[in-house]
Enquirer: 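The structure's right below; bear with me while I get my questions together.
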Amino acid sequence: MKLDLSRLSFGYGTGTIGEDVTLSLAEGEVLALLGPNGAGKTTLFKTVLGLLPLKAGEITLDGKPLSGWSRRERAKRIAYVPQAHTALFPFTVFDVVLMGRAAHLQPFAMPGAADRAAAAEALSSLGMAHLTERPYTEISGGERQMVLIARALAQSPSILVMDEPTSSLDYGNQMRLLAHIRRLSQRGLSIILSTHNPDHAFLVADRVALLHEARLIALGAPAEVLTPDMMKRLYGIDVVIGSVAGSDARLCVPRLD
């Protein structure tokens, strides 16, 4: 499934946060979105999800305007992983993940064996099966983030929108999640994620989009877009970007002199 944004303006109420954003997400592509705090990454994602109305421009899924899809049909195709989630009721981890199947159920229907199998598979794929019966309110913030990712995967979407998915994870889980993102894209899942870590974009992204001062200022392959000049423009710091000896990996580190 292909997602297209054309000359998009977005924001809250009467205020505009971003404008004239044009980009696309192809089937099986990983697109990383970088920008400083307040650049509008989360607001853009909420607009793509249909949670906020467009200010201007158009969003299409497979050539059909987003407004032409019902909420249920959108939910079958696009899943969302937010930055954070406040737990108010001690559902089990499994039940939270099972909620991802809601779009596939008829009104008032109970989840069936196939839904429960999808939830179990999503947890297992992320190495979280051991938490199945734990209360969601009693696990760590990083574990909750992994559960939210499992919930989105249980939704069986074509497009996955992830808002800083590694922000609360330890280093090991960050690397495991990034490897899983790469595997999912190779199976045809389209993924757009935001991050503040250019190294993560180098590791998993096919393309990178940079948001700065309400506009999209660059879009292209990571090696072309993530340059010292662009990092200086985005974050106001000097960096060095280079290759790791013996591999194709690229790293971005601050200049200390």
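Positions are given from 1, in the same order as the sequence printed here.
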Enquirer: Hey, does Leu5 have a side-chain heavy atom less than 4.5 Å from the side chain of Thr60?
Expert: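 Contact flag for Thr60/Leu5 side chains = no.
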
Enquirer: Is His104 reaching over with its side chain to a backbone N or O of Gln155, donor-acceptor style, under 3.5 angstrom?
Expert: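 Here the side-chain-to-backbone pair exists.
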
Enquirer: Establish, from distance only, whether the side-chain atoms of Ser156 and Arg101 form a donor-acceptor pair under 3.5 Å.
Expert: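 Side-chain D/A pair, Ser156 to Arg101: present.
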
Enquirer: Could you measure the distance from the CD1 atom of Ile237 to the SG atom of Cys252? Nearest 0.5 Å is fine.
Expert: 6.5 Å

Enquirer: What closest approach, in Å, do Thr195 and Tyr235 show between heavy atoms, and which atom pair accounts for it?
Expert: O-OH, 4.2 Å

Enquirer: Inspect the contact between Arg134 and Glu138 and indicate whether a charged nitrogen and a carboxylate oxygen are less than 4.0 angstrom apart.
Expert: no

Enquirer: Working to the nearest 0.5 angstrom, can you tell me the gap between Leu33 CG and Arg207 CZ?
Expert: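 Reported to 0.5 Å precision, the distance equals 11.5 Å.
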
Enquirer: Using a strict 4.0 Å threshold on nitrogen-to-oxygen distance, state whether Asp95 and Arg151 make a salt bridge.
Expert: no

Enquirer: Does the side chain of Val96 reach to within under 4.5 Å of the side chain of Phe89, using non-hydrogen atoms?
Expert: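 Counting from C-beta outward, Val96 and Phe89 never come under 4.5 Å.
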
Enquirer: Is Val93 close to Leu123 at the side-chain level, that is, under 4.5 Å between some pair of heavy atoms?
Expert: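 Touching, per the 4.5 Å side-chain cut-off.
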
Enquirer: Are Ile149 and Leu177 packed together at the side-chain level, in the sense that at least one heavy-atom pair is separated by less than 4.5 angstrom?
Expert: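 Heavy-atom side-chain distance check passes, below 4.5 Å.
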
Enquirer: Please name the pair of heavy atoms, one in Ala150 and one in Ala122, separated by the smallest distance, quoted to 0.1 Å.
Expert: O-CB, 3.3 Å

Enquirer: Can you check side-chain contact (heavy atoms from CB on, under 4.5 Å) on Ile241 and Leu251, steps first, answer last?
Expert: CA-CA 6 Å; Ile241 295 176; Leu251 293 175; over 6 Å; no

Enquirer: Could you go step by step and tell me if Ile159 and Arg77 meet the side-chain contact (heavy atoms from CB on, under 4.5 Å) rule?
Expert: CA-CA 6 Å; Ile159 297 172; Arg77 290 161 175 81; over 6 Å; no

Enquirer: Starting from the C-alpha separation in whole Å, work towards a yes-or-no answer on salt bridge (Lys or Arg N to Asp or Glu O under 4.0 Å) for Asp4 and Lys64.
Expert: CA-CA 10 Å; Asp4 288 290; Lys64 180 179 178 180; over 6 Å; no

Enquirer: Is Thr47 reaching over with its side chain to a backbone N or O of Thr43, donor-acceptor style, under 3.5 angstrom?
Expert: yes

Enquirer: Indicate yes or no: at least one non-hydrogen side-chain atom of Leu211 is less than 4.5 angstrom from one of Val21.
Expert: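 Counting from C-beta outward, Leu211 and Val21 do come under 4.5 Å.
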
Enquirer: List the steps, then state whether side-chain contact (heavy atoms from CB on, under 4.5 Å) holds for Arg182 with Val30.
Expert: CA-CA 8 Å; Arg182 192 72 262 174; Val30 180; 4.1 Å; yes

Enquirer: Counting distance only, does the side-chain N/O of Glu73 pair as donor-acceptor with the main-chain N or O of Ser70 below 3.5 Å?
Expert: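 It does not hold such a pair.
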
Enquirer: Can Arg215 and Asp20 be said to form a salt bridge (Lys or Arg N to Asp or Glu O under 4.0 Å), step by step?
Expert: CA-CA 7 Å; Arg215 292 186 178 274; Asp20 201 27; 3.8 Å; yes

Enquirer: Apply the side-chain contact (heavy atoms from CB on, under 4.5 Å) test between Pro82 and each candidate in Thr42, Asp163, Leu148; give the one that qualifies.
Expert: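 Per the side-chain contact (heavy atoms from CB on, under 4.5 Å) rule, the option paired with Pro82 is Leu148, out of Thr42, Asp163, Leu148.
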
Enquirer: Assigning hydrophobic clusters by single linkage (Ile, Leu, Val, Met, Phe, Trp, Tyr; side-chain heavy-atom cutoff under 4.5 Å), is Met175 placed with Val204?
Expert: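 Linked within one cluster.
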
Enquirer: Shortest non-hydrogen contact from Leu49 to Ile78?
Expert: CD2-CG2, 3.6 Å

Enquirer: Are the side chain of Asp62 and the backbone of Lys2 linked by a donor-acceptor contact shorter than 3.5 Å?
Expert: yes

Enquirer: Taking all non-hydrogen atoms of both residues into account, name the closest pair between Gly28 and Ser190 and its distance.
Expert: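 Shortest heavy-atom separation between Gly28 and Ser190 comes out as N-OG, 3.2 Å.
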
Enquirer: Would you confirm whether Ser194, through its side chain, and Glu164, through its main-chain N or O, come within 3.5 Å as a donor-acceptor pair?
Expert: yes

Enquirer: Rounded at 0.5 Å granularity, tell me how far CE in Met146 sits from OG1 in Thr166.
Expert: 11.0 Å

Enquirer: Specify the closest pair of heavy atoms between Arg74 and Trp69, including all atoms of both residues, with the distance to one decimal.
Expert: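 Closest pair (atom of Arg74, atom of Trp69, distance): NH1-O, 3.1 Å.
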
Enquirer: Any sub-3.5 Å donor-acceptor pair from Asp115's side-chain atoms to Gly112's backbone N or O?
Expert: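 Present.
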
Enquirer: Are Leu216 and Thr22 close enough that some pair of their side-chain heavy atoms sits under 4.5 Å apart?
Expert: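 A side-chain contact is absent here, since even the closest heavy-atom pair is not under 4.5 Å.
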
Enquirer: Working to the nearest 0.5 angstrom, can you tell me the gap between Phe45 CZ and Met162 CE?
Expert: 10.0 Å

Enquirer: Is it the case that one hydrophobic cluster holds both Leu126 and Met99, taking links as side-chain heavy atoms less than 4.5 Å apart, direct or via other members?
Expert: yes

Enquirer: What are the two closest non-hydrogen atoms of Ala214 and Ile17, and how far apart are they?
Expert: CB-O, 3.0 Å

Enquirer: For a quick check under 3.5 Å, do His200 and Gln174 share a side-chain donor-acceptor pair by atom type?
Expert: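 Side-chain D/A pair, His200 to Gln174: present.
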
Enquirer: Is there a side-chain contact (heavy atoms from CB on, under 4.5 Å) between Arg144 and Ser140 once you walk through the steps?
Expert: CA-CA 6 Å; Arg144 288 184 192 178; Ser140 71; over 6 Å; no

Enquirer: Verify side-chain hydrogen bond (donor to acceptor under 3.5 Å, both in side chains) between Ser185 and Glu29, making sure each step is shown before the conclusion.
Expert: CA-CA 6 Å; Ser185 73; Glu29 181 181 29; over 6 Å; no

Enquirer: Quick check on the hydrophobic clustering: are Leu160 and Leu98 connected, directly or via other members, by side-chain heavy-atom contacts under 4.5 Å?
Expert: yes

Enquirer: Answer yes if Leu153 and Ile192 sit in the same cluster of Ile, Leu, Val, Met, Phe, Trp and Tyr residues linked by side chain heavy atoms under 4.5 Å apart, and no otherwise.
Expert: no

Enquirer: Are Leu189 and Leu61 linked, directly or through other ILVMFWY residues, by side chains that come within less than 4.5 angstrom of each other?
Expert: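 No: no chain of side-chain contacts under 4.5 Å links Leu189 to Leu61.
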
Enquirer: When you look at CZ of Arg72, are more than 12 heavy atoms from neighbouring residues, nucleotides or ligands closer to it than 6.0 Å?
Expert: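 Result for CZ/Arg72: enclosed.
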
Enquirer: First locate atom CG of Leu226, then atom CG of Leu210, and finally report the distance between them rounded to the nearest 0.5 Å.
Expert: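 Here the interatomic distance stands at 6.0 Å.
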
Enquirer: How far does NZ of Lys46 sit from NZ of Lys41, to the nearest 0.5 angstrom?
Expert: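 Answer rounded to 0.5 Å: 13.0 Å.
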
Enquirer: A side-chain contact here means heavy atoms from C-beta on lying under 4.5 Å apart; do Pro111 and Leu105 qualify?
Expert: yes

Enquirer: Taking side chain as C-beta onward, heavy atoms only, is Val208 less than 4.5 Å from Leu219?
Expert: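 Not in contact.
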
